[in-house]
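Before any comments, here is the structure.
Start at 1 with the first residue, then count along the sequence.
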Amino acid sequence: MADSTTSDRPDRSIGGRAFSWRSRLALGLFLAVAVVTVWVTNSALTDRFTQNTRNRAELRLALYGGNLVSELRRNSIVPQLLARDPTLLGALNSNDFSQSTQRLISFVDEIGAASLMLLDKDGRTVAATDRNRLGEAHLGTKHYIDALRSSGTIFTVSEREGVGYQFIYSRKMESNGTTVGVIVVEVDLQKFERAWAGISDAILVTDSTGRIILATEPRWRSLTEGEALTREPPETAIQRAIQATADWSALPPDAYVKGEAVMRVASRLPFRGWQIASFTTYASVREKVNGFLALETMGFAILMALAFYALSRKNALRMNFFRMESAELRALNQRLQREIAERERMQKSLDVAEQTLAQSSKLAALGEMSAAVSHELNQPLAAMKTYLAGAALLLRRNRPEEALSSFQRIDDLISRMGAITRQLKSYARKGGEQFSPVNVGDALNSAMSMMEPQLRQRQVRITRTVPECNVRVLADRVRLEQVLINLLRNALDATSTVSDPAVDVILAAGETASITVRDNGTGIENLDQLFEPFYTTKRPGDGVGLGLAISSGIVNDFGGRLTARNAEGGGAVFEIQLPILSEAEEIEAAE
């Protein structure tokens, strides 16, 4: 329970970091989408509203230009008509102008001209709709001189000081082929300036030379368009930067009028190369675009606020959960610390018990073998009694040579009994920690010799395969023999229920020394727990389950490994792999 809880903590931590990463990514994507959407909306709406504004400006400009040209053309035929008026011609011939002024005044309302004047052949005003202009001399004026020189109607533009420009049609009047005067018609184009001044657009009209002759800005008159537009630029660089910032929602401006960005629309008039231009501000475009952008930004702000609210609620829930989890983890940590201390104590006790049980297992095995060994020793003892009795009889009969032969047999039996006891003593004694070169074949022979009494008690077919050359490893011979005896005993126990028991012992030398003990018993049911301490398949009282665990530890100490598997034809196979001792290592170990 404690282990499963502690293993969940890293996952939750990783999940929290992944959630935070996903939240930041989602916020970044949301901001990117918002910026892109606002930018695309601004660009699209600016283009659309700018084009609509430009179309309306072009339509207004066409209307203004048409009205202007219509006014000029309507007044252009007046001089031709008045030049043929018999009343005016008679007044010029008789020099009686008492009724001429009244005659001109009667035409003004019909024609809509600014003023009408009748000049005699000396250029003096003899009749005029504006009585204040009677007596004016026009002898050196352009409209008078050009009219005398031309046979048609002359149009002139002349500047009046502080008032603007005069637009005059003039034509000479002839009687019987003789020039008797000049009729002058002044066209009122300034009424268009006054009408245009009531709109937001700035409008100007230039003549064929590019000079401004009509404008909603009086200070522009007599200037070129370029001079007029640069007359009042922003005063400082800061003002120009502010001006550019204020125009962020518009397309690049065509010009600036009074420091404000404008779009320029121009059209050529079908009259003497004149041109009319209007300058429309982007204020309406910015207002419309900014209105849409404000709504759009407000929508994104509301969505972001809702997202932050949801995240804050989720974070609050997570914080509450983490606080509860932290309390649980602190309690769990305390339990784990107690368990760890308990396990360390148990581990120390287990190490001590394992060492004690290992030695006890050896002594128990020695006890099991003692009965068989005692039987083995009884046979030499009985033979020795027989040989001694025979030797004594031979000596009494004075046959010493034959008695010596009996004594030699007794000596061989004593040597055999000594070998048996030495093996028992070495097995009962703990092995040292110092390793030395060991001939595996000799250790195997010694183990087989020690197991010979038990092998004779049962009818077991033993097959032993050993190479002709010596196979040497670096180990403790006593402990190696202990492992081999343990494997042989297990093989004998495994074949106890088999009708034809057989045990194969194979020693092979390749890259490693391989010792294989194979039986034809029932096999191994649980290979995973085979080398765990206290695991045994024997009946209670027959074993404590430490033999294979101790054997595996001994082989590991030698730098090898002990493995087990089930044979294909039945039975179990135990295999010991040990590093072969090279000649250089053998010399070094000997030194």
Determine whether N315 and R318 satisfy the following criterion, side chain to side chain contact (heavy atoms under 4.5 Å, CB included), listing intermediate values before the conclusion. CA-CA 5 Å; N315 287 333; R318 290 177 62 208; 3.6 Å; yes
side-chain hydrogen bond (donor to acceptor under 3.5 Å, both in side chains): pairs with one or both residues in residues 497-509, sequence neighbours excluded: T463-D504
Determine all donor-acceptor pairs shorter than 3.5 Å in which one atom belongs to a side chain in residues 557-567; sequence neighbours excluded.
residue	atom	partner	partner atom	Å
D557	OD2	R479	NH2	3.0
R565	NH1	E575	OE1	3.4
N566	OD1	I524	N	2.7
N566	ND2	I524	O	3.0

Flag if over 12 foreign heavy atoms under 6.0 Å of CE, M346: no
Suppose we screen for side chain to side chain contact (heavy atoms under 4.5 Å, CB included). Which residues come up paired with E568, at least two apart in sequence or across chains? none
Not counting sequence neighbours, which residues clear side chain to side chain contact (heavy atoms under 4.5 Å, CB included) with I506? List them please. T465, T516, R518
Which residues pass the side chain to side chain donor-acceptor pair (under 3.5 Å) test with R330, sequence neighbours left out? none
When you compare the side chain of D519 with that of N490, does any pair of heavy atoms fall below 4.5 Å? no
Can T280 and R56 be said to form a side chain to side chain contact (heavy atoms under 4.5 Å, CB included), step by step? CA-CA 10 Å; T280 306; R56 288 194 298 269; over 6 Å; no
Taking only residues two or more places apart in sequence, or in another chain, which ones meet N55 in a side chain to side chain donor-acceptor pair (under 3.5 Å)? Q51
Identify, with sequence neighbours excluded, every residue that meets side chain to side chain contact (heavy atoms under 4.5 Å, CB included) alongside A34. F300
Contacts of L29 meeting side chain to side chain contact (heavy atoms under 4.5 Å, CB included) (sequence neighbours excluded), chain-then-number -> L25
Can you list every salt bridge (charged side-chain N to carboxylate O under 4.0 Å, His left out) pair that touches residues 459-468, not counting sequence neighbours? none
Do P437 and L474 come within less than 4.5 Å of each other through their side chains, counting heavy atoms only? yes
So, using side chain to side chain donor-acceptor pair (under 3.5 Å) as the criterion, who are the partners of T297 when residues are at least two apart? none
If you take all heavy atoms of L388 and F407, which pair is closest and at what distance? CD2-CE2, 4.2 Å
Would you please name every residue forming a salt bridge (Lys or Arg N to Asp or Glu O under 4.0 Å) with R345, sequence neighbours left out? E342
Looking only at heavy atoms, the pair that brings G521 and V498 closest together is CA-CG2, 3.8 Å
According to salt bridge (Lys or Arg N to Asp or Glu O under 4.0 Å), who are the partners of R399, at least two apart in sequence or on a separate chain? E402
Could E481 and R477 be called an ion pair, given the rule that one side-chain N must be under 4.0 Å from one carboxylate O? yes
